[in-house]
There are 2 protein chains.
Amino acid sequence: MSERDGRTPVMADVARLAGVSHQTVSRVLNGHPNVRTETVVRVRAAIEELGYRRNPSARALVTRRTNLLGVLAFDSTLFGPARTLAAIENAAREAGYFVSIVNLDGITREAVVEAATYLVEQSVEGCIAIAPQRAVVEALADLSGLRPLVAVEGGEGSGLPVVCVDQEGGAYTATRHLLDLGHRTVHHIAGKRDWLEGEARVEGWRRALAEAGAPVPEPAYGDWSPRSGYELGLRLAGERARGAEVTAVFVANDQMSIGVLRAFHEHGIGVPGDVSVVGFDDIPEAEYLTPALTTVWQDFDQVGRASIDVLLAELSDGGGPSALRPPVTRHRPGAAASRRGGTPSTDASGAVSSVRVVVPARMRIRHSTAPRLPGPP
Amino acid sequence: MSERDGRTPVMADVARLAGVSHQTVSRVLNGHPNVRTETVVRVRAAIEELGYRRNPSARALVTRRTNLLGVLAFDSTLFGPARTLAAIENAAREAGYFVSIVNLDGITREAVVEAATYLVEQSVEGCIAIAPQRAVVEALADLSGLRPLVAVEGGEGSGLPVVCVDQEGGAYTATRHLLDLGHRTVHHIAGKRDWLEGEARVEGWRRALAEAGAPVPEPAYGDWSPRSGYELGLRLAGERARGAEVTAVFVANDQMSIGVLRAFHEHGIGVPGDVSVVGFDDIPEAEYLTPALTTVWQDFDQVGRASIDVLLAELSDGGGPSALRPPVTRHRPGAAASRRGGTPSTDASGAVSSVRVVVPARMRIRHSTAPRLPGPP
DNA sequence: ACCTCAGATGTTAGCGCTAACAATGTTGCC
DNA sequence: GGCAACATTGTTAGCGCTAACATCTGAGGT
């Protein structure tokens, strides 16, 4: 199987073998309508015989389309980001796009710029950033070279289209659940400061307490790690030992919850006997911890799908200073997902485009919370 | 900043602005020696002013180098694969390569073929497969279109270069540790059948027992999930209740260990009081479980670095039926990492090339194991 | 002054593909 | 039968870049 002795066959080789012009081969490959069935068959056979594959670089050069999407990730080792990343990759592939990823080293502005440069140099057509921190989103918003860009878990006000889980709602539900159990108030071990997800969870927790007229304890900020959960759990156990009323804790993620559970255990505080605990993420381990952890499940797959949908919609809306805007029309126009949530989505005319897709979070109730008799401790 | 009204600037625009030919611009960009410093400065300034970026497609078309590496992953949500993936991405970026990832949907042969096709269509220069299962490695070995290819956690006999963690050694050490504590034997809850990592861990466990002349109980096979750990833990607890001597368990990963811990807890079996448990992976949670889990740590970062090193070495060795073999010499020749482990690495002449890089695993001893008085139960 | 040679630059010819247009053959309709 | 409309194919011209070769300088040796 070799014209051009040994070299990868090119379109002209296929054409020669099929007895047509290279352009006809191109037409077959691109599914143009006006090619005789018999010709199509012959060309297909030639392609098969030579094991021919189109050269994507040549194609990209002339079509001005790379078919490549970039994904910016920050610590894709954490459960949430890892799941999101996988979901995005899947959705992109289904939409016929390739995916190139960059993991940010740090959360500095320079790291963001560096990563963005890296993607731009690959001529990505668009980009999705798993950007859980305010600083990152801001840096991204400033970087006008990387467009269109969808921020996952992005937060409002950046001007970027955003897809996120309803963190606030999830936190609200979790807190509400604890209050409904009879707890007078709920403590909160929060995520890392400056992380948007963490802040949203604080918001939801606060709103539930405020609505119920419950006292609002000072939240304790961790860094998402089991270690920090453990440390803050120890602190809470100490407060309790000194007489503070600590009967329910909403922890901003499951990993920290594990540390909290450990700290309480060391102090002889029973869960859910003495204190109820609710986590966030629903990691696979949650159900099998001792006690099984009540937690909040997030629909990462939908986040992945929605972010691709939004990105593709931005892409087909055209406009924007992207380097790769093609002259031809785009595929799947208007494929943007259901836009929900109480945020201003001024997108009817495609003008301001503060797109914001909110994906649900749902409680998974397990044995780490128990009903509590009303009355002072 | 626009020649060519609004369109992305090309090399010719830079050339015009700098008052040189486009070829001189190319030379500056590629660091050719014979360009006057003054010219370099002028060109650089023009590039800066126009915000010019090379078109990678055009470049790839003529150089026949895409600078792209493909990574095939299977369930990159699990801790190990996620860490490995991140490490590979980092190492690739440091080596100046882009990375495109595909997540396999299933472990069927078709899924492998599909993913491979997907990567070939992108003209990756080489590929790394995180291929933890025998079936996948075999499918990969048959697929001659995707070369060079490095199998991470690949197992022997496939003919592919392999980078892997010393699973067998880690398992041996873990089992040995339990035996040294005074246990007469060690039970094993194994990983999913057909997973090479799981099999290697069974091997190591078996070797330690055999060496010590300890009885070898039938291993119980799980599927890496906390749920399966729980189920098999219940079974073990049942056996123990019926009088079997179960005092030590080596579990093939930490996630299953969590399920085991839960099962034992439900049955009133104390860990490490009644039974010692050792896991594998050293997930961040391990230290904060109750009890803290003794486990085996794997150097994923080194796996990532080594796999890129090996791939780059294969790339520069030339040969192989890759579609993209460039006519020019490659960078970083002979960068392959330390080759260790007791496997036949017939690579001196670059001939058979059964490269096998083994990366260390180390025990992390914590409170889930305790010394045991000798004697029958 | 002549020639040589290397340094610095420009010119030309593709890489493999698709878009645009041109050139056929084919059908249908009055 | 003639002509328009269409279906089918081929031809040509780039996309933006690098490699190879061609050209032009000026320094150095004799």
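This one's a predicted model, so the numbers in the text were calculated from it and none came from an experiment.
When the nucleotides C:dG16, D:dA7, D:dC17 are ranked by their closest atom to the side chain of B:Asn55, D:dC17 comes out on top. Closest to the side chain of B:Thr63, out of D:dT18, C:dT18, D:dC17, is D:dT18. Nearest to the side chain of B:His22, among C:dT9, D:dT18, C:dC17, sits D:dT18. Candidate nucleotides D:dA19, C:dG10, D:dG16 were compared by shortest atom distance to the side chain of B:Ala58, and D:dG16 ranks first. Nearest nucleotide to the A:Gln23 side chain, out of C:dT11, D:dC15, C:dA20: C:dA20. For B:Val62, the side-chain atoms get nearest to D:dG16 when compared with the rest of D:dG16, D:dT9, C:dA8. Taking every side-chain heavy atom of B:Arg36 into account, C:dA8 is the closest of D:dC17, C:dC15, C:dA8. With C:dG16, D:dA19, C:dT9 as the choices, the nucleotide that has an atom nearest any side-chain atom of B:Thr24 turns out to be C:dT9. In the set C:dA19, C:dT18, D:dG16, C:dA19 carries the atom at the smallest distance from any side-chain atom of A:His32. Relative to the side chain of A:Leu61, the nucleotides D:dG10, C:dT18, C:dG16 differ in distance, and C:dG16 lies closest.
Comparing B:Arg42 and A:Arg54 along DNA chain C, the residue whose closest nucleotide (by nearest heavy atom) sits nearer the 5' end is B:Arg42.
Going from atom CZ of B:Arg59 over to atom C1' of D:dC15 covers 17 Å, rounded to whole Å. The separation between A:Arg65 atom CZ and C:dT18 atom P is 13 Å, rounded to whole Å. Distance A:Asn34 CG to D:dG10 P: 14 Å, rounded to the nearest Å.
At the phosphate of D:dT18, OP1 or OP2 sits under 4.0 Å from a side-chain N or O atom of B:Asn30. The shortest distance between the side-chain N/O atoms of B:Thr39 and the OP1/OP2 oxygens of C:dT9 is below 4.0 Å.
Contact record, A:Ile308 with A:Ala91: CG1-CB, 3.5 Å, taken as the closest heavy-atom pair.
Side-chain atoms of A:Arg53 stay outside donor-acceptor range of the base of C:dG16, with no qualifying N/O pair under 3.5 Å.
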